[in-house]
Trainee: 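My questions will all concern the structure given below.
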Amino acid sequence: MARLNVLVEGSDDVRFFEHALVPRLSERWGEVRLIPYACLRRTAVDRLLLGFARLGEPYVIVADIDNEPSIRAKKRVILGRFEEADPATIAVVVIEIESWYLAGADDGFLKQAGLPTYSSTEEITKEAFNSLIPRSYLSRVGFMLDLLDGYSLERGAGRNRSLAFFLRRYAADHK
Amino acid sequence: MAITSLTLRNFRSFREAELRLRPFLLLVGRNAAGKSNLVHGFLFLRDIARSGLENAISLQGGLAYLQNAALTCGRDLGIEIELTLPIRMPPLPLPDGRRAEIVPGPCTYAFALGCNERAEVHADRFAMRFSVAVEGEDPAPGSMELVHEGGRLRYALDLPLGLDEATFLPPALREARLGPNALMLESPTLYPMGLVRRALALISCYEFGPRLTRRLDLRTGAAELAEDGSNAAIALGRVLAHPPEREQYLALARDLLPFIEDIVVGDGPGGAPEIRVAETYAPGRYLPAETLSSGTVELFALLVALFFSPRELAIFEEPAARLHPFAVGRLVGLMREASKVQPLVVSTQHPAVLRHAPVEDVCLVSRDADGFSVLSRPADRTDVQAFLEEKVGLDDLFLAGLL
C-alpha cells in the first residue's frame, strides 16, 4: 500500500491528525506521514513536493481557509506560495483546524463543559474557539485533548463539510 | 580508528541495535529517542575498563536501569564491540626457516550479563582475525579466540603455514587469573585484553551544560579537560603554556570568534586559575571569564577537547546548544577536521548542525512501535536520497520529521 504524506501547518494540526485522522487514514494507506510545514521555508516545501513526485508518493497539503472568501481563493494563495503544488492535492479546512476539533467532539463532554452543540462548525474561528475554553483549563492544549477524547469522525463530517470532503477523498470507507 | 562498531542487546531502551562508527558521526533524534542511552553503552564499557564491572554498574544506577524495562528479566544484557588493536609483533619463524609477518585484522569483544539479584557473567569472549604474510606468497588467514568461562580461560588458535602456537603466543602471556564473575576487560595483564581495556578507558563524553562560566572556580584539578568542563581554566592554561600550541589554539578560537585578540589564564580571586580574554574592540583590556557568555566559554572548552585532548573516541552531547547558527557551521567544520585525528560522535537535535553535515555521517535514533530504540542511516533510504537530489536540506528534513 502506498504512503500518504500529509503536510499540515503546525502543532495543533499535527495533534488533531495524530489523534483523530491517522487511525482512519491508515486503513487505506500503508503509512501516513505528517509533515508540519509552517516551520519550513517555502523553497524547502517546494523541494519536498518535487521529492514526492520523484518518489511517486501521494501528498496532500492541508491549509486553513482563514480570511479567504472561498476554497478556490485559498487554493490560489497556496499555489502562489508553493510553486510546485498541484491544485488537486490541496485540502482546505473551513474555517480553521479548531473547527474540526469542535465538530466531532462528544456531545456529553460539550454539555458537561457548558458549551453549546453546533450543527455546523464552519463559522468557528480561532478566536471564537479560544473564547469557548472553560476557565478551568490551564491551557488550550488540555481542552483540545479533551475534545479529541471520544471524538467521532462521522459526527465531525456531519457538522463540517470540509472535514467530510477530506474523509471522502482520503479515508477508506467513509461514506 | 580503533572502535568500529558497538552492538547493544537488552541495554536501556535498546532491544538490539548495532552502531557502525565513522570518523565523524552525528547521532540525531527527538527527545527520549535513545541517543543518550546509546552513549551510555560506550560509557558503560569505559567505566568497566577504568573501574571494573561492579563500579560500572553502580555508575549506571544499578542493574535495574541497565536493562530494558519492557523485556523479561531472563534475557541477558549483552554488549559487543569491534575494534582494531595496535598489535605489533616481531616477525615470527616458520618451520621451514622463513619469517612471517603478522598483520592484525578486526577484533571482536563481547560479553553477556545475566541479570538476577546481581550481575552474572554468562559470556565473555574475544576474537581476532589476522593474516600471516610471507614474502612472495599471498597472505594466509589466521585467527585467535579467547574465551572466559567461570574463571577459566581458553585460547583457541588457528595458525596457518605451520606457525607454532608457543611462538605465536608464549605460555607466559596466557597466564592470567580471573574471578568467576569478572570480565576479561577488567584484567590489565591478560593478553591482548589489556589493549582493549586501554582503548576503551580512553573514551570521553563531554557535556558542558549551561552556566559553565559559573563553575570555573576550581583551584586544583586534572590537567586533562574534565567531561563537564569544570576545569577548563586549568586545561586551557596547560595548552596556552606551550607557545606552538598557544598559537594554534588562538588561531582556532579567532576562527570561531573573530573579535578575540588574546586569551590568557592567570590567577583569579583566591588563587584559582582564571580565563581572561582581550577583545579587538578594546585591545589590551582583559575581561575575566565570568563576564563572558556561557557559549563563548563553552567554545573555549570545546576547542581544548577537540584538538588538545586526544582520545580513542570523543563523544559530545549537544555541543551547539548555546551557539549562534553561524558559529555552529564553523564548529561543525572544526569537528570534522578534528575527527581526522580522533573519532568523534556528536549527539544533537540542533538542526543547524545537520545543515553542515553530509548525510553519510548521520545516524538517526528513533523509537519503534514497541518503544525500543532503533538506529537507521538516512543515507540508505531511497526517500531521503530523492529529497536530497531535489536539494532539500538535511536540517529541513529533520524539522519536517522526514529523516
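Note on naming: letters A, B, ... go to the chains in the order of the sequence lines (proteins, then strands), and numbering restarts at 1 for each one.
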Trainee: Pick one of side chain, backbone, both or neither for A:Leu34, based on which atoms fall under 4.5 Å of a heavy atom in chain B.
Mentor: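 Only the backbone of A:Leu34 comes within 4.5 Å of chain B.
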Trainee: Given a strict heavy-atom distance threshold of 4.5 Å, which part of A:Tyr37 is in contact with chain B: side chain, backbone, both, or neither?
Mentor: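 Neither part.
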Trainee: Under 4.5 Å from any heavy atom of chain A, what part of B:Leu397 do you find: side chain, backbone, both or neither?
Mentor: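 Looking at B:Leu397, just its side chain touches chain A.
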Trainee: Decide if atom CD of A:Gln112 counts as having more than 12 heavy atoms of other residues, nucleotides or ligands within a radius under 6.0 Å.
Mentor: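 At most 12 heavy atoms, drawn from other residues, nucleotides or ligands, come within 6.0 Å of this atom.
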Trainee: Could you report the tightest heavy-atom contact between A:Leu48 and B:Val392, atom names first, then the distance?
Mentor: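 Answer, listing the atom of A:Leu48 first, then B:Val392: N-CG2, 3.7 Å.
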Trainee: Under 6.0 Å from the OH atom of B:Tyr65, do we count more than 12 heavy atoms belonging to anything else shown?
Mentor: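 Not more than 12 within 6.0 Å, no.
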Trainee: Heavy-atom count around B:Arg30 CZ within 6.0 Å, excluding the residue itself: above 12?
Mentor: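 At most 12 heavy atoms, drawn from other residues, nucleotides or ligands, come within 6.0 Å of this atom.
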Trainee: B:Asp396 versus A:Arg47: any side-chain heavy-atom pair under 4.5 Å?
Mentor: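 No - every pair of side-chain heavy atoms lies 4.5 Å or more apart.
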Trainee: With rounding to the nearest 0.5 Å, note down the distance linking CD in B:Glu390 to CG in A:Asp46.
Mentor: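 That separation rounds to 10.5 Å.
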Trainee: Check this for me: B:Asp370, atom CG, are more than 12 non-hydrogen atoms of other residues, nucleotides or ligands nearer than 6.0 Å?
Mentor: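 Enclosed: over 12 neighbouring heavy atoms sit under 6.0 Å from CG of B:Asp370.
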Trainee: Can you establish whether the number of heavy atoms outside B:Glu18 located under 6.0 Å from its atom CD is more than 12?
Mentor: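 It does: B:Glu18 CD has more than 12 such atoms within range.
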Trainee: First locate atom CG of A:Leu40, then atom CG of B:Asp395, and finally report the distance between them rounded to the nearest 0.5 Å.
Mentor: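 Reported value, rounded in 0.5 Å steps: 9.0 Å.
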Trainee: Inspect the surroundings of CZ in A:Phe165 and state if more than 12 heavy atoms from other residues, nucleotides or ligands are less than 6.0 Å away.
Mentor: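 Atom CZ in A:Phe165 is not packed in, count stays at 12 or less.
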Trainee: For chain A, which candidate among B:Ala386, B:Gly393, B:Gly401 shows the most heavy-atom pairs at distances under 4.5 Å?
Mentor: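 Top count of heavy-atom pairs under 4.5 Å with chain A: B:Ala386.
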